[in-house]
Amino acid sequence: MPRITTPSHGTATERLECWRHAVSENLVPLEVLPRESTDFSASLHAVRVGQVQMSVISAAPHSIARTRRHIASDAPDFFQLTLQLTGQGVLTQLDRQARIGPGELVVYDTRRPFTYELDESHTGLVLMFPQAMLQLTGRDLARVTATPVPCHDGLGQVVLPLLRGLARQMEHLEARATPRLVDNVVDLIGTLLVEHADVARTTEADGSDRLTERVLVHMEQRLADPGLSPEGIAAAHRISRRYLYKLLAAQGYTVSGWIREQRLARCRRDLADPALDHLPVGAIGGRWGFADPAHFSHAFKAAYGMSPREARRAPR
């Protein structure tokens, strides 16, 4: 199997096209989307053993996208696994978004569209194999697809060194590896994913209450941060924005509505505190994430029927 490196000559567009062709030929058809840098370079070393293809990929920042037009109706039933060796990536498939850092892995379905955004130079090990090799139930497979799988404890501490060793031994695998070896590797990965699915199943069994409580505590602790956003909240809890909205909707809130209500309640409390009379009204809003005094005043009056200045003058 080939070792491919983008040419050092030619334009960035030509090098990206070379890379798109290499990845599409050796993995699955997809698009390569450039980043701002014009100095793109990448390399791929692929080895096939039995039913498993293993590739070590090193590349400058870029993104890949597999869309519906890339997926034929008779597309093979393959899954891919990416172990992030260096750098970070963000995989998006269906309504899930998984941020993968060094020492974490993710599996995803090649029969469904996905994107993988790589905002920094990186190296990763990619395994591609028939879905049936994982021997997971459909429900457990759905639980683990496109979710980060950390390898810092449990069976992950066994799987991670093994996969790193495979990445280092690519030169020797084609000549020395046997189908039995890679079958055992995928079987071990499947066991790790079952362990991960058990955790997800327990979370489901407990309901979303615990996760909702963690999300609310997280938001409450960061109310003073003007940069508090659904994107950051979702990323901190490794969930999609869509799922975050669903959790808050079950409590009768939107994410922005909850944040606004809690911030305004704290501003009203501070305006009624004589110890804070020395602070301008705008500074009170700034203490709780309202960077624009005019916006703060408008939101406060809409909520309480009086301006912040009127609230400060009201009987305490």
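Computed from a predicted model, the values in this text were never measured in an experiment.
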Taken to the nearest 0.5 Å, the spacing of Leu173 CG from His45 NE2 works out to 8.5 Å

Show the nearest heavy-atom pair for residues Leu264 and Ala303, with the distance to one decimal. CD1-CB, 3.7 Å

Polar side-chain atom of Thr5 near backbone of Ser43 as donor-acceptor pair, under 3.5 Å: no

Are Glu220 and Arg266 ion-paired here, with the side-chain N under 4.0 Å from a carboxylate O? yes

Got a sec, which residues hit side-chain contact (heavy atoms from CB on, under 4.5 Å) with Ala42, two or more places apart in sequence or on another chain? Thr6, Trp19, Phe40, Ala59

Quick one: sort the Tyr253 and Trp258 rings into parallel, tilted or perpendicular, breaks at 30° and 60°. perpendicular

Do Val149 and Val159 come close enough that some side-chain heavy atom pair is under 4.5 Å? no

Walk me through whether Leu136 and Val144 qualify under side-chain contact (heavy atoms from CB on, under 4.5 Å). CA-CA 10 Å; Leu136 268 70; Val144 300; 4.1 Å; yes

Least distance between heavy atoms, Leu160 atom then Cys151 atom: CB-CB, 3.8 Å

Taking only Lys NZ, Arg NE, NH1 and NH2, and the carboxylate oxygens of Asp or Glu, determine whether Arg143 and Asp140 approach each other closer than 4.0 Å. yes

For the side-chain hydrogen bond (donor to acceptor under 3.5 Å, both in side chains) test, which of Gln221, Arg222, Arg214 pairs with His218? Arg222

Quick one: do Arg99 and Glu117 make a salt bridge, cutoff under 4.0 Å? no

CD1 (Ile64) and CG (Leu118) are apart, to the nearest 0.5 Å, by 7.0 Å

Begin from the C-alpha positions of Thr82 and Leu105 and carry the test side-chain contact (heavy atoms from CB on, under 4.5 Å) through to its verdict. CA-CA 5 Å; Thr82 293; Leu105 58 87; over 6 Å; no

Once salt bridge (Lys or Arg N to Asp or Glu O under 4.0 Å) is applied, what residue pairs with a partner in residues 62-83 remain, sequence neighbours excluded? Glu31-Arg69, Asp77-Arg111

Interatomic spacing from CG in Leu276 to CZ in Arg287 - rounded to 0.5 Å: 5.0 Å

Starting at CZ of Arg96, measure out to OG of Ser240 and round the result to the nearest 0.5 Å. 8.5 Å

Nearest-0.5 Å distance that lies between atom CG in Asp273 and atom CZ in Arg312: 9.5 Å

For residues Gln93 and Tyr108, is any side-chain donor paired with an opposing acceptor at under 3.5 Å? no

Would you say NE2 of His21 has more than 12 non-hydrogen atoms from neighbouring residues, nucleotides or ligands within 6.0 angstrom? no

